[in-house]
Undergrad: 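The structure's right below; bear with me while I get my questions together.
Note on naming: letters A, B, ... go to the chains in the order of the sequence lines (proteins, then strands), and numbering restarts at 1 for each one. Not measured: the values here are computed from a predicted model.
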Amino acid sequence: NAGVTQTPKFQVLKTGQSMTLQCAQDMNHEYMSWYRQDPGMGLRLIHYSVGAGITDQGEVPNGYNVSRSTTEDFPLRLLSAAPSQTSVYFCASSYGGSREQYFGPGTRLTVT
Amino acid sequence: GENVEQHPSTLSVQEGDSAVIKCTYSDSASNYFPWYKQELGKRPQLIIDIRSNVGEKKDQRIAVTLNKTAKHFSLHITETQPEDSAVYFCAASIDRDDKIIFGKGTRLHILP
């Protein structure tokens, strides 16, 4: 199993550009989530999904969209990038019974 | 919504001594409390978790205690070793809600 994969690893965007961060898991996990990590701010939940076709907002959802058309994939879309979205983004998945979250390797995003 | 406070933000202990990290949560309905360790440049990984029907849980040098009345839980690391140097995150979750909210993290330094 590849576990949780994220692409790209690094990305530089200009203010106003849009892009999609990809996340995929091959463990048939129901639950997937996106976090952003900023120095001194911990891991803040952006959006999460408890299954295909179901998404919900986390702590900091503004400026981000998600969809969950399949169990395996959970892409995060930045609609119009802003410097405040410069961060490391982690995708995670878990199986409902266990609750242990398996994190992907992260995407480091810089918005100039 | 749930809010998780974590203290201290930085902790330095002598190798061989014990380290304690404390967290409080706001929602009395929370019933799952995991701890994650993140080494420099790597993804967070679960090290131990506790559910609300248990007051204490141990795994070798690591233990977690939970006080539901006071809404706080703690991570205890005994006989600290250099490889314990990392950032530690506590988190809380309500099963029916499924989202997991993290604290801001504690950077633990083990001094030689």
Side-chain angles (χ1 to χ4, degrees), chain A residues 2-7 9-10 21 23 25 27 29-61 66 68 74 87-108, chain B residues 1-11 21-27 30-54 57 59 64 75 86-108:
Chain A
V4 180
T5 58
Q6 291 182 238
T7 56
K9 283 189 174 182
F10 302 94
L21 306 186
C23 174
Q25 52 89 12
M27 297 175 283
H29 284 172
E30 306 151 345
Y31 180 93
M32 296 186 74
S33 55
W34 276 102
Y35 292 89
R36 59 178 289 175
Q37 184 172 27
D38 304 293
M41 297 300 291
L43 294 159
R44 291 185 291 172
L45 182 65
I46 305 171
H47 286 284
Y48 66 105
S49 169
V50 300
I54 305 169
T55 63
D56 208 344
Q57 295 182 349
E59 302 169 276
V60 289
V66 292
R68 184 95 181 269
F74 191 43
S87 188
V88 178
Y89 291 84
F90 284 101
C91 178
S93 73
S94 66
Y95 172 61
S98 163
R99 304 307 313 280
E100 175 179 358
Q101 295 219 79
Y102 292 84
F103 283 83
T107 293
R108 184 173 294 275
Chain B
E2 176 65 275
N3 183 50
V4 178
E5 300 283 343
Q6 182 171 348
H7 300 281
S9 57
T10 305
L11 179 62
I21 302 170
K22 299 182 179 182
C23 289
T24 60
Y25 60 98
S26 61
D27 195 330
S30 289
N31 58 9
Y32 174 68
F33 307 94
W35 286 87
Y36 284 78
K37 175 183 180 182
Q38 184 180 30
E39 297 176 351
L40 190 62
K42 297 191 175 180
R43 69 193 80 182
Q45 289 189 299
L46 180 73
I47 54 172
I48 195 167
D49 57 13
I50 192 167
R51 296 185 184 274
S52 60
N53 58 344
V54 176
K57 184 176 178 181
D59 183 3
V64 57
L75 178 71
V87 178
Y88 292 81
F89 294 98
C90 63
S93 173
I94 307 167
D95 271 344
R96 69 169 189 272
D97 206 22
D98 285 300
K99 60 184 175 184
I100 297 179
I101 302 299
F102 284 80
K104 293 185 178 179
T106 296
R107 184 172 297 277
L108 176 62

Undergrad: Quick check: do A/Gln37 and B/Phe102 have side-chain heavy atoms less than 4.5 Å from each other?
TA: no
Undergrad: Could you tell me if the side chain of B/Lys99 sits less than 4.5 Å from the side chain of A/Tyr31, heavy atoms only?
TA: yes
Undergrad: Less than 4.5 Å apart, any side-chain heavy atom of A/Leu43 and any of B/Pro44?
TA: yes
Undergrad: Nearest 0.5 angstrom please: B/Ile100 CD1 to A/Glu100 CD, how far?
TA: 10.0 Å
Undergrad: Chain B heavy atoms under 4.5 Å from A/Tyr35: which part of the residue, side chain, backbone, both or neither?
TA: side chain
Undergrad: To check you understand the geometry: which heavy-atom pair defines the closest contact between A/Gly104 and B/Arg43, and what is its length?
TA: O-CB, 3.4 Å
Undergrad: In terms of heavy-atom contacts, does CZ of B/Arg107 have more than 12 from other residues, nucleotides or ligands at under 6.0 Å?
TA: no
Undergrad: Could you please state which residues from residues 32-41 of chain B sit under 4.5 angstrom from chain A, measuring non-hydrogen atom to non-hydrogen atom, sorted by number, or 'none'?
TA: B/Tyr32, B/Tyr36, B/Gln38
Undergrad: Please state whether the side chain, the backbone, both or neither of A/Phe90 comes within less than 4.5 Å of a heavy atom of chain B.
TA: side chain
Undergrad: Rounded at 0.5 Å granularity, tell me how far CD1 in B/Ile101 sits from CG in A/Leu45.
TA: 5.0 Å
Undergrad: Among A/Met41, A/Glu59, A/Gln101, A/Arg108, which residue has the highest count of heavy-atom pairs closer than 4.5 Å to chain B?
TA: A/Gln101
